[in-house]
Peer 1: 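For reference, the structure I am asking about is given below.
No hydrogens, no waters, no symmetry mates; every other heavy atom, side chains included, goes into these values. In listed order, ligands and their atoms are each counted from 1.
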Amino acid sequence: LEEPLGFDKLPSMSTIDRIQRYSSTACRPRVDDMGMGNRWIEGRDCSTSNSYDEECHDYMSESFPWKRHTRDKSQGDTLGRRTSSLGRNHMMFGNGCDKWYFPEHQYNPKCNDKDRRDTANKYLKGIPKFVKIVEVGPRDGLQNEKNTVPTSIKVELIRRLVASGLPVVEATSFVSPKWVPQLADAKDVMANVRNLEGARLPVLTPNLKGFEAAIAAGAKEVAVFASASESFSKSNINCSIEESLARYRLVALAAKELSIPVRGYVSCVVGCPVEGAIPSSKVAYVAKELYDMGCFEISLGDTIGVATPGTVVPMLDAVMAVVPSEKLAVHFHDTYGQSLPNILISLQMGISTVDSSIAGLGGCPYAKGASGNVATEDVVYMLNGLGVKTNVDLSKLMLAGDFINKHLGRPSGSKTAIALSRVRADASKI
Ligand SMILES: CC(C)(COP(=O)([O-])OP(=O)([O-])OC[C@H]1O[C@@H](n2cnc3c(N)ncnc32)[C@H](O)[C@@H]1OP(=O)([O-])[O-])[C@@H](O)C(=O)NCCC(=O)NCCSC(=O)C[C@@](C)(O)CC(=O)[O-]
C-alpha cells in the first residue's frame with residue numbers, strides 16, 4: 001500500500017454529478033425483510049420506513065455526554081419535534097437552539113429555530129433514522145492480533161458487546177487455523193456464546209467445510225467473503241473470484257436447506273494492495289453474484305482503507321444499480337482517517353447498515369498496510385450527533401472497549417473513547 005487512490009485513477013465518472021444525484025431529494029428503495037431468497041425491488045419508493053418522517057425523534061441521553069451535568073431538566077428528554085410539513089423520507093430536526101443539543105460554542109441564543117431546522121433538513125435529510133451496526137471486533141478486529149487472545153477473553157468481549165445493545169456481533173471465523181491461527185478456537189468460542197440472547201452472532205465460513213463446522217458449533221448465521229480483486233482473492237482464500245463464488249453457491253445452497261441466513265462480503269471495493277484501483281463494475285458484479293445466490297445482505301469492504309467519499313460514491317452508485325440499497329452494508333477501515341466521512345456519504349446515499357469494530361481493532365492478515373476498522377464508539381458518537389438511532393449504549397460500549405484494550409495492553413483506537421474517558425476524568429476532579 002503506497003499511495004491513496006487519486007481521482008485520476010478512478011473509473012470514468014463524474015463524481016460531482018453522482019454526489020448531486022444523491023442529494024437530499026433522492027428517494028431510496030423501500031425496505032424489505034431480511035430473507036434467504038432474492039429480493040428484487042422495482043423502482044424507487046419514497047415511503048421507506050427507515051427515515052425521518054412524521055414521528056418525533058427522541059435523542060438518546062448519551063448523545064452529548066459532556067453536557068450531562070449541565071442539563072436543564074425543564075427541557076425534557078425529547079428534543080425532536082413533531083412536524084408533518086415535509087415528506088416521509090426526510091430527516092427532521094427539532095429545536096436546533098436547544099442548549100443541550102449543541103455544544104456551548106455553537107449555542108446562539110438569538111438564533112432562529114426555523115432557519116436552523118431548515119438548514120439541517122437541507123443538508124441531512126435522506127439519512128436513515130435507524131442504522132444497524134454490525135460489530136466485527138471479535139472476528140475482523142482480533143484476527144490480526146499476533147498474540148493469542150484467550151477464548152475466555154473473546155467470550156467476555158462478545159458478552160459485553162451484546163450487552164451494549166449491538167444487534168449483530170460477528171463472533172469468529174471457521175477458516176483454516178493455518179491461515180488465521182488467532183481464530184483457531186472458533187468452536188470453543190461458539191460453545192460459550194451460542195445461547196446468548198439479544199444479538200445475532202454470525203461467523204465467517206470460507207467453504208462447505210467451514211459452514212459444516214460452524215453449524216455443528218451452533219452458529220445460526222454465517223458470512224461468506226469474496227473479493228473484487230483477483231490478487232486479493234488469491235492471497236486471502238487461495239482461489240480466483242469465480243472459484244470462490246462457486247464455493248459460496250454451495251454454502252448458500254446448504255444454508256438455504258437449513259434456513260440459515262448468509263451474509264456476503266465483497267472486499268477491496270475501492271482499492272487492492274496489489275492491483276491498485278478496482279473498477280466499480282467489478283464490485284457490482286461480485287455483489288450481484290452474492291445477492292443472486294441468496295445472501296440477505298452484502299457488506300462492501302474497503303479492506304485497505306483507501307476510500308474517500310469521492311471514490312465511495314461511484315462504487316456505491318454502481319452496486320446500487322444491481323442490488324437494492326437496503327441490502328447493502330458498508331465496511332470501512334480507517335487507514336487514511338476517511339471512515340466517518342465515507343460512512344456519512346454512504347448514509348446520504350441510502351445505506352443503513354454499517355460495520356465497525358470496537359476500539360478500532362482490526363486489519364486483515366492478507367492486506368499489508370491495512371489499519372483497523374472504523375471504531376464502533378466513533379460511529380455511534382457520530383450517529384448520536386446526527387440524531388440517528390442505533391439502540392447502542394455508548395457507555396457500555398466504552399466499557400467493552402476498555403476491557404479488550406486492557407487485555408491487549410494498548411490504548412483505544414477510538415478517538416471518541418479517548419476523548420470521553422478524558423472528559424469523565426476531568427469531570428471527576430471538579
Ligand atoms: C479458504 C482456505 C481454507 C483455503 O485454503 P487452502 O489451503 O487453499 O485449502 P485446502 O482446501 O487446500 O485445505 C488446506 C487445509 O486447510 C483445511 N481447511 C480447509 N478449509 C477449512 C476450514 N473452513 N476450516 C478449517 N480447516 C480448513 C483443510 O482440511 C486442509 O487441512 P490439512 O489437510 O492441510 O490438515 C484458506 O485460505 C482460509 O482459511 N482463508 C481464510 C483467510 C481469512 O480468514 N482471511 C481474513 C478474512 S477478512 C476478509 O476477507 C475481509 C473482510 C471480510 O473482513 C472485509 C474487508 O475488510 O474487506
Peer 1: Can S227 be said to touch ligand 1, with heavy atoms closer than 4.0 Å?
Peer 2: no

Peer 1: Counting only heavy atoms closer than 4.0 Å, does ligand 1 sit against the backbone of N207, its side chain, both, or neither?
Peer 2: side chain

Peer 1: Could you name each residue pair satisfying salt bridge (Lys or Arg N to Asp or Glu O under 4.0 Å) that touches residues 328-354, not counting sequence neighbours?
Peer 2: none

Peer 1: Heavy-atom distance under 4.5 Å between the side chains of N144 and Q182, does that happen here?
Peer 2: no

Peer 1: For ligand 1, is any non-hydrogen atom under 4.0 Å from P177's backbone (N, CA, C, O), its side chain (CB onward), both, or neither?
Peer 2: side chain

Peer 1: At a 4.0 Å threshold, what atoms of ligand 1 neighbour a non-hydrogen atom of G301?
Peer 2: 58 (O)

Peer 1: In terms of side-chain heavy atoms, does S356 have a donor or acceptor partner in N373 at a distance below 3.5 Å?
Peer 2: no

Peer 1: Can you name the nearest heavy-atom pair linking E170 to A223, along with the distance?
Peer 2: OE2-CB, 4.3 Å

Peer 1: Heavy-atom distance to atom 51 (C) of ligand 1: which of A214, S267, S244, A228 wins?
Peer 2: S267

Peer 1: Does NZ or CZ of R139 fall inside the cone over Y265's six-membered ring, less than 6.0 Å from its centre and within 45° of the axis?
Peer 2: yes

Peer 1: I'd like to check whether D302 has a polar contact with ligand 1, where a contact means an N/O of the residue lying under 3.5 Å from an N/O of the ligand.
Peer 2: no

Peer 1: Under 4.0 Å between a side-chain nitrogen and a carboxylate oxygen: does that hold for E297 and K132?
Peer 2: yes

Peer 1: Pull out every atom of ligand 1 sitting under 4.0 Å from any heavy atom of D140, numbered as shown with elements.
Peer 2: 54 (O), 57 (O)

Peer 1: Look at atom 1 (C) of ligand 1 and find which of P206, G362, S235, C239 reaches it with the closest heavy atom.
Peer 2: P206

Peer 1: Which bit of N236 gets closer than 4.0 Å to ligand 1, counting heavy atoms only: side chain, backbone, both or neither?
Peer 2: both

Peer 1: Run the numbers for me: atoms of ligand 1, each under 4.0 Å from some heavy atom of F174, listed by number.
Peer 2: 22 (C), 23 (N), 24 (N)

Peer 1: Just to be sure I read this right, does ligand 1 sit under 4.0 Å from the backbone of R139, its side chain, both, or neither, counting only heavy atoms?
Peer 2: side chain

Peer 1: Checking R160 now: which residues fulfil salt bridge (charged side-chain N to carboxylate O under 4.0 Å, His left out) with it, not counting sequence neighbours?
Peer 2: E156

Peer 1: Show the atoms of ligand 1 that are less than 4.0 angstrom away from any heavy atom in V180.
Peer 2: 42 (C), 43 (C), 44 (O)

Peer 1: Crowded around K220 NZ? As in, over 12 foreign heavy atoms under 6.0 Å?
Peer 2: yes

Peer 1: Identify, by atom number and element, the atoms of ligand 1 in contact range of G210, meaning under 4.0 Å from any of its heavy atoms.
Peer 2: 23 (N)

Peer 1: Looking at K415 and E377, does any basic side-chain N land under 4.0 Å from a carboxylate oxygen?
Peer 2: no

Peer 1: Should one rank K178, R247, H333 by closest heavy-atom distance to atom 57 (O) of ligand 1, which comes out on top?
Peer 2: H333

